[in-house]
Amino acid sequence: AALARYGEELGLAFQLVDDLLGIWGDPEVTGKPVLSDVRSRKKSGPIVLAAAGSAEVRAYLEGGDADPVEVAAAIEATGAREQVRDEVRNHVAIAATALGSVDLDAAAVADLLRTAEYVTGRDR
């Protein structure tokens, strides 16, 4: 159960990082076009968070006409990017705590923690 919890939390963290990359990721690294999630009006984590506090983002999601670069700036201005990063850190911390309740070799735990850092460090 603890390893399942680790995997679930790491999976959530991974998805949130992917959401960040869908807006701010480097196309050379991600293989996605610039601002792909904004252009497709995808309701990803940062976009949904931003829409709660920004009429501009809400209007865009509802089909409004706006420059995706300006929408990305509006998303950033709401603090959604940092909120999602905080949530990623929270999921990684929960995953690490779950590992503490399993009788695993210290090297295996270290490997799993490095894996968590690797998959969640893609947005830096």
Side-chain angles (χ1 to χ4, degrees):
L3 290 174
R5 180 72 187 264
Y6 165 86
E8 289 168 8
E9 295 297 331
L10 187 55
L12 290 168
F14 177 91
Q15 181 57 56
L16 289 171
V17 169
D18 193 63
D19 290 349
L20 292 170
L21 294 172
I23 300 172
W24 296 286
D26 178 353
E28 296 284 325
V29 175
T30 66
K32 296 179 179 185
V34 173
L35 301 170
S36 63
D37 286 359
V38 174
R39 292 180 195 286
S40 67
R41 300 174 201 266
K42 182 178 177 184
K43 292 181 180 161
S44 67
I47 294 173
V48 169
L49 278 171
S54 170
E56 180 181 354
V57 175
R58 276 193 308 279
Y60 183 75
L61 284 177
E62 293 169 0
D65 188 28
D67 179 352
V69 172
E70 291 175 11
V71 174
I75 294 166
E76 177 92 36
T78 68
R81 185 180 195 173
E82 196 54 41
Q83 284 180 287
V84 170
R85 283 185 173 150
D86 288 344
E87 193 61 26
V88 168
R89 287 188 284 272
N90 184 52
H91 285 294
V92 171
I94 294 169
T97 299
L99 291 177
S101 67
V102 178
D103 185 25
L104 288 176
D105 175 282
V109 170
D111 285 344
L112 290 169
L113 293 174
R114 274 193 298 279
T115 299
E117 285 302 313
Y118 175 76
V119 300
T120 60
R122 301 174 300 142
D123 76 320
R124 295 183 190 109

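On a predicted model such as this, the values are computed, not experimentally measured, just so you know. Values below: every heavy atom of this structure, side chains too, minus hydrogens, waters and symmetry copies. Throughout, residue positions are numbered sequentially from 1 according to the sequence presented.
Nearest approach of L20 to R85, heavy atoms of both residues: CD1-CG, 3.8 Å. Smallest separation of non-hydrogen atoms from P68 and R39: CG-NH1, 3.5 Å. Of all the heavy atoms in P27 and P33, the pair that sits closest is CG-C, 4.5 Å.
Remark: the backbone N or O of A55 is not paired with any side-chain donor or acceptor of Y60 at under 3.5 angstrom.
Using a 4.5 Å cut-off on side-chain heavy atoms (C-beta onward), I23 and L35 make contact. The closest side-chain heavy-atom distance from I75 to W24 is below 4.5 Å.
To the nearest 0.5 Å, atom CG of residue L10 and atom OG1 of residue T120 are 7.0 Å apart. H91 NE2 to E9 CD: the interatomic distance, rounded to the nearest 0.5 Å, is 5.5 Å.
Note on Y118: it clusters hydrophobically with L113, by side-chain heavy-atom contacts below 4.5 Å among ILVMFWY residues. At a threshold of 4.5 Å between side-chain heavy atoms, the hydrophobic network of Ile, Leu, Val, Met, Phe, Trp and Tyr places F14 and L21 in two separate groups.
Applying the salt bridge (Lys or Arg N to Asp or Glu O under 4.0 Å) rule to pairs touching residues 99-112 yields D111-R114, sequence neighbours excluded.
Ionic pairing of K32 and D18 is present here: one or more N-O contacts between side-chain nitrogen and carboxylate oxygen are shorter than 4.0 angstrom.
For L104, the side chain to side chain contact (heavy atoms under 4.5 Å, CB included) partners two or more places apart in sequence, or in a different chain, are L3, L99, V102, V109, L112.
With N90 as reference, I94 is the one residue of V92, V88, I94, D86 to meet the side-chain contact (heavy atoms from CB on, under 4.5 Å) rule.
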Report all side-chain donor-acceptor pairs from residues 43-54 shorter than 3.5 Å, counting only partners two or more places apart or in another chain.
residue: S54; atom: OG; partner: E56; partner atom: N; Å: 3.4
residue: S54; atom: OG; partner: V57; partner atom: N; Å: 3.2

